[in-house]
Engineer: 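If you scroll down you'll find the structure; I have some questions about it.
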Amino acid sequence: MIPYGRQHIDQADIDAVTAVLTSDFLTQGPAVPAFEQAVAKQVGAHYAVAMNSATSALHVACLALGLGKDDYLWTTPNTFVASANCALYCGASVDFVDIDTNSLNISVDVLANKLLESEKTGKLPKIVVAVDFAGRPCDWPALRRLADQYGFFLIDDASHAIGADYNGQLLGGAAWADITIFSFHPVKIITTAEGGMALTQSESLAEKLRLLRSHGITRDPAWLEQPDTGLWYYEQQALGYNYRMTDIQAALGLSQLKHLQDWIARRRQLAHQYQTQLAELPLILPNFDMLAHSAWHLYVIQLDAEKTDLSRRVVFDALRAADIGVNVHYIPVYWQPYYRQLGFERGLCPNAENYYQRAISIPMYAGLSDGDQSKVIDSLAMTLGI
Ligand SMILES: *Cc1c(COP(=O)(O)O)cnc(C)c1O
């Protein structure tokens, strides 16, 4: 089976992990801050806080921005459930903004209209979580303008998009989002097995993220209510969690990070090859934007209903039968039973629903060989009857 995505592990990764296992610290040692500094430097961020998953990072980011019970968080339906669940963890309410059919990211126009309507009813969001779907950056300058106009915070769920840039600015390094989140799950661009990170340009937000990552506990004398008690002394100042990353994971991440630029380049090359070699098939292909330069976490094709009668189910099953590990990203979040019982109904975001019915993610990862990519292309051509 050629999977839709997979990690790439080499001997240097194995050596880096083994070195931590025989060192003094398996967790809370030097590898985590070293990894944080390396990622921050790579993307040009001031502060980076590593966590045990992107889901944890999203949760803590919402808390650090003050999201609570009477607040709203808005996000896109075309994402993994974690982008919305983070609001519910905080006791807040969630709502969804439809996607743009071209970028498949949150639609700036739909968002602008919804903000205008919500201003009248006094239900403006406290946070908007925008997701760089498949690795393609959102229209960040436009989102920032709306955030400034209406006074909400922006979280960039860049789980797909470490290494992607908008007009030359790497995500995480610019000031468009208040907090940017990366995921290091094995199907993402680089991995720590499980792991995530929150990046920000704000020192006070970084301090809150660090406090909440580790039980709300601090030992920093500058922060303590009773700084002169003794060297054993610490204070719990907020209700935090244990969302820490281990040094084993951070060492793997540091080793993986060395490949980031090469891997993005390879993914871009594979995307170009798909683009030219799938052009004749009855498909809607992702496009290349002049400003939003994708990290190509996913390569999603859509069946073009005007050119083929084949259903997504038939094409998907035929590709799986041919040992092509296709997948689908994403079922609209509010179609999930958990969200339905919260009162969400079908029809809320027609673009996302229509997109979902025709989408198939085909193999895309840095280790995909040209030969395996050709097999994918041939299987698609056979299945679509060309
Ligand atoms: C993978 C993913 C997450 C969650 O990442 P974890 O590190 O597995 O918690 C969140 N948002 C999006 C868009 C993702 O793709």
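FYI, side chains are in, hydrogens and waters are out, and symmetry mates aren't considered; it's all heavy atoms of this structure. Remember, it's 1-based here, ligands and their atoms both numbered in the order they're listed. Positions are given from 1, in the same order as the sequence printed here.
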Engineer: Considering non-hydrogen atoms of the protein only, which is the closest contact for atom 11 (N) of ligand 1, and what is the distance?
Structural biologist: Asp157 OD2, 2.8 Å
Engineer: For ligand 1, which atoms sit closer than 4.0 Å to a heavy atom of Tyr330?
Structural biologist: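 Answer for ligand 1: 15 (O).
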Engineer: For atom 15 (O) of ligand 1, what's the nearest protein heavy atom and its distance?
Structural biologist: His160 NE2, 2.7 Å
Engineer: Regarding ligand 1, does Ser183 bring an N or O atom to under 3.5 Å of one of the ligand's N or O atoms?
Structural biologist: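 Looking only at distances, the answer is yes, because the N/O contact criterion of under 3.5 Å is met.
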Engineer: Number the atoms of ligand 1 from 1 as they appear, then name those within less than 4.0 Å of a heavy atom of Ser83, with their elements.
Structural biologist: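 Counting from 1, the qualifying ligand atoms are 11 (N).
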Engineer: For atom 2 (C) of ligand 1, grab the closest protein heavy atom and report residue, atom and distance to one decimal in Å.
Structural biologist: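 Atom 2 (C) of ligand 1 sits closest to the protein heavy atom Lys188 NZ, 2.7 Å.
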Engineer: If only side-chain N and O atoms count, and only distance matters, is there a donor-acceptor pair under 3.5 Å linking Gln28 with Asp247?
Structural biologist: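 Side chains of Asp247 and Gln28: no pair found under 3.5 Å.
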Engineer: Does the Arg213 side chain pair with the main chain of Ala57, one donor and one acceptor, at a distance under 3.5 Å?
Structural biologist: no
Engineer: For Asp323, is there an ion pair with Lys375 - N to carboxylate O distance below 4.0 angstrom?
Structural biologist: no
Engineer: Going by distance only, is there an N or O of Phe184 that falls short of 3.5 Å from an N or O of ligand 1?
Structural biologist: no
Engineer: Would a distance-only check, ignoring hydrogens and angles, find a side-chain to backbone donor-acceptor pair under 3.5 Å from Gln302 to Arg358?
Structural biologist: no
Engineer: Can the positive tip of Arg312 be found less than 6.0 Å from the middle of the six-membered ring of Tyr356, inside 45° of the ring normal?
Structural biologist: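 Geometry flag: set, cation within 6.0 Å and 45°.
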Engineer: If the contact criterion is a heavy-atom separation under 4.0 Å, does Gly195 count as touching ligand 1?
Structural biologist: yes
Engineer: For atom 10 (C) of ligand 1, what is the closest protein heavy atom, and at what distance to 0.1 Å?
Structural biologist: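 I find the closest protein heavy atom is Ser159 OG, 3.4 Å.
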Engineer: Which bit of Phe182 is near ligand 1, meaning a heavy atom under 4.0 Å away: side chain, backbone, both or neither?
Structural biologist: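 For Phe182, no heavy atom sits under 4.0 Å from ligand 1.
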Engineer: Closer than 4.0 Å to some heavy atom of Ser53 - which atoms of ligand 1 meet that?
Structural biologist: 7 (O), 9 (O)
Engineer: Given the ring of Trp335, does Arg340 sit roughly above its face, with NZ or CZ under 6.0 Å from the centre of the six-membered ring and within 45° of the axis?
Structural biologist: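 Geometry flag: not set, cation outside 6.0 Å or 45°.
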Engineer: Could you tell me if Asn351 and Thr101 have a donor-acceptor pair between their side chains, going purely by distance under 3.5 Å?
Structural biologist: no
Engineer: Pick one: which of Gln7, His8, Arg267 meets side-chain contact (heavy atoms from CB on, under 4.5 Å) with Tyr365?
Structural biologist: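 Filter result, single survivor: Arg267.
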Engineer: Checking side-chain polar atoms at under 3.5 Å, does Asp132 have a donor or acceptor matched by the opposite partner on Trp140?
Structural biologist: yes
Engineer: Is ligand 1 under 4.0 Å from a heavy atom in the side chain of Ala54, in the backbone, in both, or in neither?
Structural biologist: both
Engineer: List ligand 1 atoms under 4.0 Å from Thr79, heavy atoms only on the residue side.
Structural biologist: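 Listed by number with element, the hits are 13 (C).
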Engineer: Do me a favour and list the nearest non-hydrogen protein atom to atom 9 (O) of ligand 1 with residue, atom name and distance?
Structural biologist: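 For this ligand atom, the closest protein heavy atom is Thr55 OG1, 2.5 Å.
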